[in-house]
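Some notes on the structure that comes next.
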Amino acid sequence: MEFVGTELIFIHLFLSFPLLLPPLWNLYALFTQPSHTKKLHALAVCAPAYYTLLSACAFSGFVIWAMLSFILTFKIVLMLVLWLVILVAEIKRHKFQKQIRREADSIKREKFFRFAKIKYSLDFCAFVMLLLYGV
């Protein structure tokens, strides 16, 4: 049973590998785009893909977890907590971005972009660490 569980978790991690792409794309846009409008547009374009990949990752994780009879291990708890934290932070970023679009205050925009850079850097590092830890 342990071999099957290990293989299933490996398959889930392989299917979750595309989750590395949205944070990389957003970091690239945040660091290279010269204007605030282009940065906001790049983040807005990538957001649906990020939500979709997070949903697909959660679905495949729950299916595999059900196949493992909902046994709690450290890896599973770590994945659940990480997924929840990233989802909540992404929703917070999305709401903050909607607020920024309405206001022209440059201080709030810089605060938002600093928050987004930190968030996506942490997302990317967390996914890399989880993928390395899972293999």
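Keep in mind that this is a model prediction, so the values were computed, not measured.
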Any side-chain heavy atom of [X] within less than 4.5 Å of one from [Y]?
{"X": "Phe112", "Y": "Leu43", "value": "yes"}
{"X": "Trp65", "Y": "Met79", "value": "no"}
{"X": "Phe113", "Y": "Arg109", "value": "yes"}
{"X": "His41", "Y": "Val45", "value": "yes"}

[X] side, atom [atom1]; [Y] side, atom [atom2] - distance, nearest 0.5 Å:
{"X": "Leu82", "Y": "Met129", "atom1": "CG", "atom2": "CE", "result": "11.5 Å"}
{"X": "Leu78", "Y": "Thr73", "atom1": "CG", "atom2": "OG1", "result": "9.5 Å"}
{"X": "Ile86", "Y": "Cys57", "atom1": "CD1", "atom2": "SG", "result": "9.0 Å"}
{"X": "Leu21", "Y": "Phe124", "atom1": "CG", "atom2": "CZ", "result": "9.0 Å"}
{"X": "Leu19", "Y": "Leu24", "atom1": "CG", "atom2": "CG", "result": "11.5 Å"}
{"X": "Glu110", "Y": "Asp105", "atom1": "CD", "atom2": "CG", "result": "10.5 Å"}

Apply side chain to side chain contact (heavy atoms under 4.5 Å, CB included) to the pair Phe62 and Leu80, showing each step before the final yes or no.
CA-CA 10 Å; Phe62 286 133; Leu80 285 170; 3.8 Å; yes

Is there a path of hydrophobic side-chain contacts, each under 4.5 Å between heavy atoms of I, L, V, M, F, W or Y residues, that connects [X] with [Y]?
{"X": "Trp83", "Y": "Ile91", "result": "yes"}
{"X": "Phe115", "Y": "Leu122", "result": "no"}
{"X": "Ile118", "Y": "Leu20", "result": "no"}
{"X": "Ile107", "Y": "Leu40", "result": "no"}
{"X": "Phe31", "Y": "Tyr120", "result": "yes"}

More than 12 non-hydrogen atoms from neighbouring residues, nucleotides or ligands closer than 6.0 Å to NZ on Lys111, yes or no?
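No.
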
How close do [X] and [Y] get, counting heavy atoms only, and between which atoms?
{"X": "Gln33", "Y": "Lys39", "value": "O-CE, 3.0 Å"}
{"X": "His94", "Y": "Ala47", "value": "ND1-CB, 4.5 Å"}
{"X": "Leu53", "Y": "Pro18", "value": "CD1-O, 3.5 Å"}
{"X": "Ala42", "Y": "Asn26", "value": "O-OD1, 3.9 Å"}

Criterion side chain to side chain contact (heavy atoms under 4.5 Å, CB included) on Arg93 and Lys98, from CA distance to verdict
CA-CA 9 Å; Arg93 185 215 50 88; Lys98 284 175 123 180; over 6 Å; no

Is it the case that the side chain of Glu90 and the backbone of Tyr51 share a donor-acceptor pair, with hydrogens and angles ignored and the cut-off at 3.5 Å?
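Judged by distance alone, no pair lies under 3.5 Å.
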
Inspect the contact between Lys119 and Asp123 and indicate whether a charged nitrogen and a carboxylate oxygen are less than 4.0 angstrom apart.
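Counted as a salt bridge, because a side-chain N and a carboxylate O are separated by less than 4.0 Å.
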
Which of parallel (below 30°), tilted (30 to 60°) and perpendicular (above 60°) describes Tyr50 and Phe127?
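Rings of Tyr50 and Phe127: perpendicular, as their planes differ by over 60°.
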
